[in-house]
Amino acid sequence: MRRAHTAGDIEALAQLCRRTLETNWHEGVRPSDGAPFAYTSPSPGHYPWQWYWDSCFTAVVWRRFDAERSRRELESLLAAQRDDGFIGHTIFWDRPLRGRRRFTYNVTSPEAPMTASIQPPALAWAWRIAVGDPAEVPGIARQLDWLSEHRDLDRDGLIWIVQPDESGLDASPQFDSIWGRHAHGLPGFVRLVHRNRRLGYDLRRVVAAGGPVVCEVSLNVIHNLSRLALGRTSLTPSIIERMYDDRAGIFRPISQPRTRRPAAVTWTALAPLALPDLPQHIGRRLIEQHLLDEKRFWLPVPPPSVSASDPSFSLDDRGFLGLRRYWRGPTWINSAWLLWLGLVRLGYSEQAAELVRRVSAAVLGAGLREYYNPISGAGMGAVDFAWSTLVMELIDPDGRAPSAYLER
Ligand code: GLC
């Protein structure tokens with residue numbers, strides 16, 4: 001077998017990652033109230049603000065270079081938290097919304113300090129990985145309580161979203177059959193945003209207005225990792241009961257109202273691989289039947305964000321008016337990391353090493369890009385993209401990886 005990487009590769013990647021995190025670091029005080037903040041911009045030219053799950057990912061990597069920055073990055077999310085526990089998808093800090101974005105962003109007023117939408121709630125898990133015990137920080141539990149109160153539609157612990165971008169997977173084709181012409185990056189999306197602004201991004205009001213609302217797999221996997229990090233009961237049994245399609249051997253989103261066409265098969269069909277308590281037989285089937293299949297997910301740079309055998313798979317990320325349509329085929333490093341956790345836990349060590357070799361070769365070749373062409377490895381999307389530094393988790397693994405970092 002080819003060696004996964006050399007010591008020189010690890011050093012080169014570590015230097016690149018450190019430099020990028022340092023360059024993207026932004027700190028100061030909010031002019032309106034003097035609240036201090038510090039975070040890593042996802043990509044300074046393209047994404048200036050603090051994005052919730054990006055911050056969780058970069059805090060994970062910061063612990064390798066400067067653990068104090070992991071803490072400060074996550075504390076900034078807590079500094080933005082509303083008294084009722086809510087934390088938004090994007091926090092604007094000292095760079096208020098301007099121009100056309102005032103009309104198209106998920107805000108209920110142009111002066112809002114953050115969006116009224118959510119992103120996958122990774123804070124408790126990231127805190128456990130990078131800082132310490134999240135149960136010692138009341139704001140972290142309060143955010144999950146807010147989600148339980150406001151976003152748990154059926155009182156079974158699973159969290160629902162009112163817009164595709166709340167999943168972090170904006171234009172993923174799993175949403176095409178659900179949101180149709182209102183999906184992310186299509187002209188109708190602006191109408192969806194305006195409707196949800198009117199309804200205050202309130203799940204129950206959106207349901208009452210006819211939906212659609214979605215229970216998405218990877219968001220619930222991340223939510224569950226955060227619950228486990230806090231010592232709460234696992235949602236894995238509910239995720240299996242409600243989202244596992246035993247016939248196909250994959251997980252699927254649920255929507256309300258239900259759609260006639262089944263959702264496209266994307267990487268999130270395999271996302272429960274990140275869960276340490278996923279039953280082995282389900283995990284092995286996800287890996288052997290889907291992840292390692294060269295016609296589906298085992299491409300030269302795995303895993304593509306959409307199964308290569310799904311009709312929606314595309315390497316073209318341009319949509320209406322040249323706007324980017326994300327998550328429709330290219331490979332993202334955060335999803336590579338989450339699926340790799342399952343390979344490692346279930347003992348697929350050769351395949352785990354092969355995934356690391358392929359992903360790290362793409363990053364070494366193309367730099368820290370937002371996502372990568374899964375066939376050629378070419379870099380795509382934004383440059384100096386902060387969460388692609390998660391490649392460090394792959395190439396220089398932490399001993400806690402087999403337990404999804406939950407082992408104390
Ligand atoms: C894109 C991604 C989203 C991410 C944001 C900032 O919108 O789809 O997941 O949080 O960029 O990087």
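Starting from 1, each residue takes its place in the sequence as its number. Just follow the structure's listing: the first ligand is 1, and inside any ligand the first atom is 1. What's counted below: heavy atoms across the whole structure, side chains too, no hydrogens, waters or symmetry copies.
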(message) Test your reading of the model: is there a side-chain donor-acceptor pair from T115 to the backbone of H89, 3.5 Å cut-off?
(response) yes
(message) Quick one: does any side-chain atom of D94 pair with a main-chain N or O of R30 as donor and acceptor, under 3.5 Å?
(response) no
Can you tell me the protein heavy atom closest to [atom] and the distance?
atom: atom 4 (C) of ligand 1; result: D54 OD1, 3.5 Å
atom: atom 9 (O) of ligand 1; result: G168 O, 2.6 Å
atom: atom 7 (O) of ligand 1; result: D170 OD2, 2.6 Å
atom: atom 8 (O) of ligand 1; result: W327 NE1, 2.9 Å

(message) Out of the candidates W62, W337, W53, only one should pair with W387 under the ring-ring contact (aromatic ring centres under 6.0 Å, His included) rule; please name it.
(response) W53
(message) Once you measure the plane-to-plane angle for H26 and Y39, does it fall in the parallel (<30°), tilted (30-60°) or perpendicular (>60°) bin?
(response) perpendicular
(request) Flag Y326 as yes when one of its N or O atoms lies below 3.5 Å from any N or O atom of ligand 1, and as no otherwise. (result) no
(request) Compute the shortest N/O to N/O distance between W332 and ligand 1 and return yes if it is under 3.5 Å, no if not. (result) no
Atom indices of ligand 1, in the order listed, that fall short of 4.0 Å to a heavy atom of [X]:
X: Q119; value: 3 (C), 4 (C), 9 (O), 10 (O)
X: F385; value: 12 (O)
X: W53; value: 3 (C), 4 (C), 9 (O), 10 (O)
X: W51; value: 5 (C), 6 (C), 10 (O)

(request) Decide whether a cation-pi geometry holds between R69 and W25; the criteria are a distance under 6.0 Å from NZ or CZ to the six-membered ring centre and an angle within 45° of the ring axis. (result) yes
(message) For H89, state whether at least one heavy atom is located under 4.0 Å from any atom of ligand 1.
(response) no
(message) So, 4.0 Å and heavy atoms of Y52: is ligand 1 close enough to count as a contact?
(response) no
Less than 6.0 angstrom separating the ring centers of [X] and [Y], yes or no?
X: F189; Y: H184; result: yes
X: H150; Y: F86; result: no
X: W49; Y: Y47; result: no

